[in-house]
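Here is the structure we will look at.
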Amino acid sequence: QVQLVESGGGLVQAGGSLRLSCAASWRTSSSYAMGWFRQAPGKEREFVAAINWTGGRTYYADSVKGRFTISRDNAKNTIYLQMNDLKPEDTAVYYCAAAVSIVPTSDPDDMDYWGKGTLVTVSS
């Protein structure tokens, strides 16, 4: 069983920064690709960023490219999402997700485990 717990959300003004963390508990015999997704009110869940097991490959949605950075520290079982230059349209619940795979994916249907999410609100 894999458990994911997000933290770091909050209220920030446009142009500000936040760093989200995802603390994971999982079987060390498996490899997990990780992703961040978000869901704004009235909208479908969308891909934000993904990272492979070793951390050497990262992928981003076009809407966040150049502003957000995904990283991981496998020694601490933690995944991060550094968010800079935040915009009001970034307001959403952000979810951490894990796939039993070495290859990251942007498709939420391919993720095997999900956290409960953390709310990010960006004011204008």
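Going from atom CG of Asp73 over to atom CD1 of Ile79 covers 9.5 Å, rounded to the nearest 0.5 Å. For the atom pair OG (Ser25) and CD (Gln3), the distance works out to 4.5 Å, reported to the nearest 0.5 Å. For the atom pair CE of Met111 and CG of Leu4, the computed distance is 8.5 Å after rounding to the nearest 0.5 Å. To the nearest 0.5 Å, the span separating OH on Tyr80 from SG on Cys96 amounts to 11.5 Å.
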| message | Let's go through Arg57 and Tyr59 carefully: what are the C-alpha distance in whole Å and the side-chain angles of both, what is the deciding distance for side chain to side chain contact (heavy atoms under 4.5 Å, CB included) to 0.1 Å, and is it a yes or a no? | response | CA-CA 7 Å; Arg57 295 169 62 186; Tyr59 302 90; 2.5 Å; yes
| said: Before you tell me yes or no, could you show the steps for Thr91 and Val120 under side chain to side chain contact (heavy atoms under 4.5 Å, CB included), namely the whole-Å CA-CA distance, both residues' side-chain angles and the distance that decides it to 0.1 Å? | reply: CA-CA 5 Å; Thr91 295; Val120 172; 5.9 Å; no
| field | Step-by-step side chain to side chain contact (heavy atoms under 4.5 Å, CB included) determination, Arg67 to Asp90 | value | CA-CA 11 Å; Arg67 300 187 298 123; Asp90 294 319; 2.8 Å; yes
| field | Worked verdict on Tyr32 versus Asn52 for side chain to side chain contact (heavy atoms under 4.5 Å, CB included) | value | CA-CA 7 Å; Tyr32 300 91; Asn52 71 336; over 6 Å; no
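Closest heavy-atom contact between Pro104 and Ala50: CB-CB, 3.8 Å. Gly117 and Glu6 get closest at one heavy-atom pair: N-OE1, 2.9 Å.
Met83 is not listed as a side-chain neighbour of Arg19, based on a closest heavy-atom distance of 4.5 Å or more. Using a 4.5 Å cut-off on side-chain heavy atoms (C-beta onward), Trp53 and Asn74 make contact. Here the side chains of Met34 and Arg72 are in contact, with some heavy-atom distance below 4.5 Å.
For residues 107-124, the set of pairs meeting the side-chain hydrogen bond (donor to acceptor under 3.5 Å, both in side chains) definition, not counting sequence neighbours, comprises Thr105-Asp110.
Both Leu18 and Trp36 belong to a common hydrophobic cluster when Ile, Leu, Val, Met, Phe, Trp and Tyr are linked at side-chain heavy-atom distances under 4.5 angstrom. Taken together through direct or relayed side-chain contacts under 4.5 Å among Ile, Leu, Val, Met, Phe, Trp and Tyr, Val100 and Phe37 form parts of separate hydrophobic clusters. In the hydrophobic clustering of ILVMFWY residues, with side-chain heavy atoms under 4.5 Å counting as a link, Val64 and Val93 come out apart. Side-chain heavy atoms closer than 4.5 Å link hydrophobic residues (I, L, V, M, F, W, Y) into clusters, and following such links, possibly through other members, connects Ile51 to Phe68.
Not counting sequence neighbours, the partners of Asp85 by the salt bridge (charged side-chain N to carboxylate O under 4.0 Å, His left out) test are Lys87. Qualifying ring-ring contact (aromatic ring centres under 6.0 Å, His included) partners for Tyr94, counting only residues two or more places apart in sequence or in other chains: none.
Ser63 places no side-chain N or O within donor-acceptor distance of the main-chain N or O of Ala61, the cut-off being under 3.5 Å.
In this structure, Ile102 places its CD1 atom where only 12 or fewer heavy-atom neighbours from other residues, nucleotides or ligands lie under 6.0 Å away. Counting heavy-atom neighbours within 6.0 Å of Lys65 NZ, excluding the residue itself, gives a total above 12.
A donor and an acceptor atom, one from each side chain of Ser17 and Asn84, are located under 3.5 Å apart.
Remark: Arg45 qualifies as a cation-pi partner of Tyr95 under the 6.0 Å distance and 45° angle criteria applied to the six-membered ring.
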